[in-house]
Asks: 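Sending over a structure as structure tokens; questions will come in a sec.
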Amino acid sequence: MKGMSIIIKTISSWIKILIFLFGIYIIIFGHLTPGGGFAGGVILASSYVLIMLAYGRDYSEKNLPLPIASKLDSAGALMFIAIALFGLFYGAGSFFWNFIQVKFFADGHAAFDLVSAGTIPLSNIAIGLKVAASLFLVIFALSTFRPAENNDKE
Amino acid sequence: MAEVILFYFLMAFILIAALIAVETTDLLSAVICVGAIGFGCALFFLFLRAPDIAITQIVVEVLALVILIRVTISRNATFVTGDREFFASVVSVVILMMIFLMAVQVLNSLPAFGDAVFAEVTDSASKTYISQGMEKTGAANIVSAVILDFRAYDTLGEATVLFTSVIGAAVILRKRPRKLPEEPQI
């Protein structure tokens with residue numbers, strides 16, 4: 001995959017930043033507005049798919065190397081599990097107990113603030129990281145795969 | 001009344017797109033019809049006042065459609081050739097008829113369209129979520145409060161599914177084996 005023409009490359013070099021920022025917005029405001037970790041993570045992955053289609057596979061692998069992507073994937077999963085286990089072991093809670101909301105945010109943090117809702121924004125960030133990295137990895141694996149009869153093409 | 005007409009129109013659109021996607025012999029047309037089904041579903045969720053699901057549906061649909069079209073146009077032959085087997089068609093029609101007859105029995109026992117399933121139950125869990133979700137979790141978005149606080153264990157399962165899919169894709173679609181197979185001794 002060599003990439004596309006110069007017009008598509010120039011336009012997508014501007015558009016990719018907006019798509020990435022929109023994904024981050026969807027993730028961070030997931031506990032206030034519609035959206036959340038999964039949708040925002042898919043938007044982040046789609047900005048990398050735009051790079052992969054416009055510039056070619058090698059450029060996107062230089063942009064986000066595969067070992068770093070797999071480490072981000074694992075970091076998101078570990079962060080989610082760590083939030084769950086903190087809830088279990090902090091005090092006398094249960095699995096996925098919202099300990100920040102109950103212990104620290106019980107007074108002074110209104111419901112519509114950006115910093116509110118305890119562990120829910122943290123979980124959104126963890127899920128967003130995980131979904132973005134794993135969808136990027138899946139699409140990269142699918143795009144490198146060629147059926148046996150097409151091996152001599154490209 | 002206008003909403004009901006809109007829903008019937010969307011349902012007809014989705015059904016026609018699904019029929020074309022199954023019946024056409026051109027792979028690219030089938031992929032585009034699958035995209036039409038997804039966008040119809042996203043509109044459906046939007047008119048049913050579920051913007052969270054609508055956002056997720058449309059975003060996943062766009063990503064999957066781009067990848068499917070990319071895979072389809074990189075093939076040499078995009079036309080499906082060959083006839084269907086008679087026996088396989090008969091078996092699938094019979095199984096679909098049985099599922100349809102069972103579904104009619106089940107759908108008769110569901111509440112009407114637009115009524116909440118747990119509306120009649122006095123102390124159901126969903127009533128607690130709706131009435132006390134804001135003060136218990138502090139999240140303004142009730143969907144986030146349910147999927148990341150009350151039902152976070154389900155979300156953990158969903159994350160595990162994604163993790164497994166990555167492992168499966170990386171293992172099956174790997175270009176070269178990790179260790180070269182040994183040459184057979186002759």
Side-chain angles (χ1 to χ4, degrees), chain A residues 1 26 29-40 42-43 45-46 49-50 53 70 73-74 76-77 80-81 83-84 87 95-96 98 101-102 105 109-112 116-121 123-124 126-127 130-131 133-135 137-139 141-147 149-150 153-154, chain B residues 45-46 49-64 66-71 74-77 133-156 158-175:
Chain A
M1 203 164 21
I26 289 275
F29 281 72
H31 59 297
L32 300 177
T33 54
F38 192 82
V42 179
I43 293 174
S46 69
V49 169
L50 177 66
L53 288 178
S70 68
D73 189 357
S74 309
F80 198 48
I81 287 285
I83 290 167
F95 205 56
F96 279 111
N98 199 339
Q101 171 71 18
V102 176
F105 285 2
H109 284 83
F112 285 90
S116 66
T119 56
I120 290 178
S123 310
N124 263 333
I127 296 217
K130 176 160 179 39
V131 170
S134 48
L135 277 182
L137 283 174
V138 166
I139 288 161
L142 281 176
S143 77
T144 53
F145 174 70
R146 283 282 163 277
E149 71 266 15
N150 276 3
K153 289 284 167 66
E154 292 188 280
Chain B
F45 289 132
L46 207 56
R49 291 162 206 164
D52 293 82
I53 314 282
I55 287 177
T56 309
Q57 168 77 30
I58 205 161
V59 159
V60 172
E61 194 63 44
V62 166
L63 196 62
V66 166
I67 296 305
L68 277 178
I69 287 180
R70 166 78 184 81
V71 169
S74 73
R75 286 171 59 110
N76 292 329
M134 182 117 160
E135 57 186 278
K136 279 201 171 176
T137 66
N141 184 3
I142 184 72
V143 179
S144 263
V146 171
I147 67 169
L148 287 178
D149 195 305
F150 294 118
R151 300 278 184 202
Y153 201 62
D154 283 345
T155 313
L156 183 63
E158 177 201 332
T160 314
V161 167
L162 256 180
F163 206 76
T164 317
S165 76
V166 174
I167 292 173
V171 167
I172 292 173
L173 305 178
R174 191 162 51 202
K175 256 179 152 179

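Only heavy atoms go into these numbers, but all of them, side chains included; no hydrogens, no water, no symmetry mates. Lettering follows sequence order; numbering is per chain, from 1. Since this is a predicted model, take the numbers as computed values, not measurements.
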Asks: Of all the heavy-atom pairs spanning B:S144 and A:G35, show the shortest one and how long it is.
Replies: OG-O, 4.5 Å
Asks: For B:L63, is it the side chain, the backbone, both or neither that has a heavy atom under 4.5 Å from a heavy atom of chain A?
Replies: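 When you check distances to chain A, only side chain atoms of B:L63 fall under 4.5 Å.
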Asks: Please state whether the side chain, the backbone, both or neither of B:V66 comes within less than 4.5 Å of a heavy atom of chain A.
Replies: side chain
Asks: Quick one, B:T155 and A:F80 - any side-chain contact, counting heavy atoms below 4.5 Å?
Replies: yes
Asks: Please tell me if the side chains of A:P34 and B:V143 come closer than 4.5 Å, counting only heavy atoms from C-beta onward.
Replies: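 No - every pair of side-chain heavy atoms lies 4.5 Å or more apart.
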Asks: Run the numbers on A:S46 and B:V59 for side-chain contact (heavy atoms from CB on, under 4.5 Å), then give the verdict.
Replies: CA-CA 8 Å; A:S46 69; B:V59 159; 5.7 Å; no
Asks: May I ask you to test the B:L148-A:T119 pair for a side-chain heavy-atom distance under 4.5 Å?
Replies: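 In short, these two side chains do not touch, never coming nearer than 4.5 Å.
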Asks: So for A:I120, is it side chain, backbone, both, or neither that comes closer than 4.5 Å to the heavy atoms of chain B?
Replies: both
Asks: Heavy-atom distance under 4.5 Å to chain A: side chain of B:Y153, backbone, both or neither?
Replies: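 Its backbone and side chain both get close to chain A.
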Asks: Please classify the contact of B:Q57 with chain A as side chain, backbone, both or neither, using a heavy-atom distance under 4.5 Å.
Replies: neither
Asks: Checking heavy atoms, do the side chain of A:V42, its backbone, both or neither come under 4.5 Å from chain B?
Replies: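 Contact with chain B: backbone and side chain both.
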Asks: Suppose we screen for salt bridge (charged side-chain N to carboxylate O under 4.0 Å, His left out). Which residues come up paired with A:D73, at least two apart in sequence or across chains?
Replies: A:K130
Asks: Side-chain contact, heavy-atom cut-off 4.5 Å: B:D52 with B:N141?
Replies: yes
Asks: Under a 4.5 Å heavy-atom cutoff, which of B:A152, B:S165, B:A159 has the most pairs with chain A?
Replies: B:A152
Asks: Which region of A:T33, side chain (C-beta onward) or backbone (N, CA, C, O), has a non-hydrogen atom less than 4.5 Å from a non-hydrogen atom of chain B, or is it both or neither?
Replies: backbone
Asks: Is A:I83 close to chain B through its backbone or its side chain, or both, or neither, when contacts mean heavy atoms under 4.5 Å?
Replies: neither
Asks: For A:I43, is it the side chain, the backbone, both, or neither that has a heavy atom closer than 4.5 Å to a heavy atom of chain B?
Replies: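 Contact with chain B: backbone and side chain both.
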